[in-house]
Amino acid sequence: MAIRFDGRVAIVTGAGNGLGRAHALGLASRGAKVVVNDFGGARDGTGGSLSPAETVVEEIRKAGGTAMADGADVSNFEQVTAMVERATKEWGSVDLLCANAGILRDKSFAKLEVADWAKVLDVHLTGTYYCCKAVWAGMRERNYGRIVLTTSSSGLFGNFGQANYGAAKAGMVGLMNVLAEEGRKNNIKVNTISPTAATRMTEELLPPQALALMKPEAITPAVEFLLSEDAPTRTIMGAGAGSFAVIRVLETEGV
Ligand code: ADP
């Protein structure tokens, strides 16, 4: 049966571009009310004076969906809390969280500065913690929550020049492991997805022929599955163009 999110409220962070945008559009097309978060300002081109988040909201509305834009910086806890409060006031709850906002500051370890380390850890790891923290109490109260954290093979296996990013992504897997266990009794399921897709993050790393096959939209079905009623929990899922694979499922209940 097709996955539906009618009556559910979702926050997708970093949804002005790439993966987050694709996920926001996908969730909205399946009935979710979506907070399209991105801290990016107005850009040139298609969006005109609209911010990337506002542009995506326009796209969703044109397709008949329901969405609001939010410009919170995920590395600012007050802004994240305000975003969750706004969504809850407007739509009654936050049921689904896709923590996807991200930046890169790639440098070989010899050149990596303290600021490069701190910034990347702040956005990916601490920002994800802030988002999870802000939605957690409500999810516990309502006995329902689905959380997907966008991680990376870099956090599992390491990529050259990504000591900061890899450490942050590995940290997110650590966070997911604990939240998945602590969320069990309240029907909160927490998973990570490790995508391979053509986004601004990968466009310089991969050849054009590969990028052409790797649309962000190819990852969205895997994210939708992990946010669905029947989602597993504590899964590290790898997803590429047109296919996805579970890297690890670790169920500890009853063991
Ligand atoms: P990918 O699609 O691979 O995640 P992108 O760079 O296309 O990579 O998208 C990441 C998005 O995350 C960007 O739109 C960017 O503006 C957003 N982003 C980065 N840092 C933050 C932050 N601190 N708060 C909110 N959004 C952020």
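Positions are given from 1 along the sequence. Basis for what follows: all heavy atoms, side chains included, without hydrogens, waters or symmetry-related copies. Note that ligands are numbered from 1 as they come in the structure, with each ligand's atoms numbered from 1 the same way.
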key: CG on Asp6 to NZ on Lys33, rounded to 0.5 Å   = 9.0 Å

task = Pick out which of Thr13, Thr220, Asn100 makes a side chain to side chain donor-acceptor pair (under 3.5 Å) with His23.
result = Thr220

ask   = At a 4.0 Å cut-off, with the gap strictly under it, does some heavy atom of Asp73 reach an atom of ligand 1?
value = yes

task = Please indicate whether any nitrogen or oxygen in Gly16 is less than 3.5 Å from any nitrogen or oxygen in ligand 1.
result = no

query = If you measure from each non-hydrogen atom of Val74 to ligand 1, which part falls under 4.0 Å: side chain, backbone, both or neither?
reply = both

query = Out of Thr126, Asn17, Val80, Thr150, whose heavy atom is nearest to atom 9 (O) of ligand 1?
reply = Asn17

task = Return yes when Gly102 approaches ligand 1 closer than 4.0 angstrom through a heavy atom, no otherwise.
result = yes

key: Salt-bridge present (Arg8, Glu229; N to O < 4.0 Å)   = yes

task = May I ask you to identify, for Ile103, whether its side chain, its backbone, both or neither come under 4.0 Å of ligand 1 on a heavy-atom basis?
result = side chain

ask   = Sequence neighbours excluded, which residues qualify as salt bridge (Lys or Arg N to Asp or Glu O under 4.0 Å) partners of Arg61?
value = none

request  = Check whether any side-chain N or O of Thr192 sits under 3.5 Å from a backbone N or O of Thr150 as a donor-acceptor pair, and report yes or no.
outcome  = no

query = Closer than 4.0 angstrom: is that true for some heavy atom of Ala72 and an atom of ligand 1?
reply = yes

ask   = Should Glu59 and Arg21 count as an ion pair when the cut-off is N to O under 4.0 Å?
value = yes

Ligand-side contact atoms (ligand 1) for residue partner Val123, heavy atom cut-off under 4.0 Å = 20 (N), 23 (N)

remark   = Note: ligand 1 atoms sitting under 4.0 Å from heavy atoms of Leu19 are 2 (O), 3 (O)

query = Considering only heavy atoms of Gly18, which atoms of ligand 1 have at least one such atom less than 4.0 Å away?
reply = 2 (O), 7 (O)

note = Taken in chain and number order and not counting sequence neighbours, the residues that satisfy side chain to side chain donor-acceptor pair (under 3.5 Å) with Arg30 are Glu224

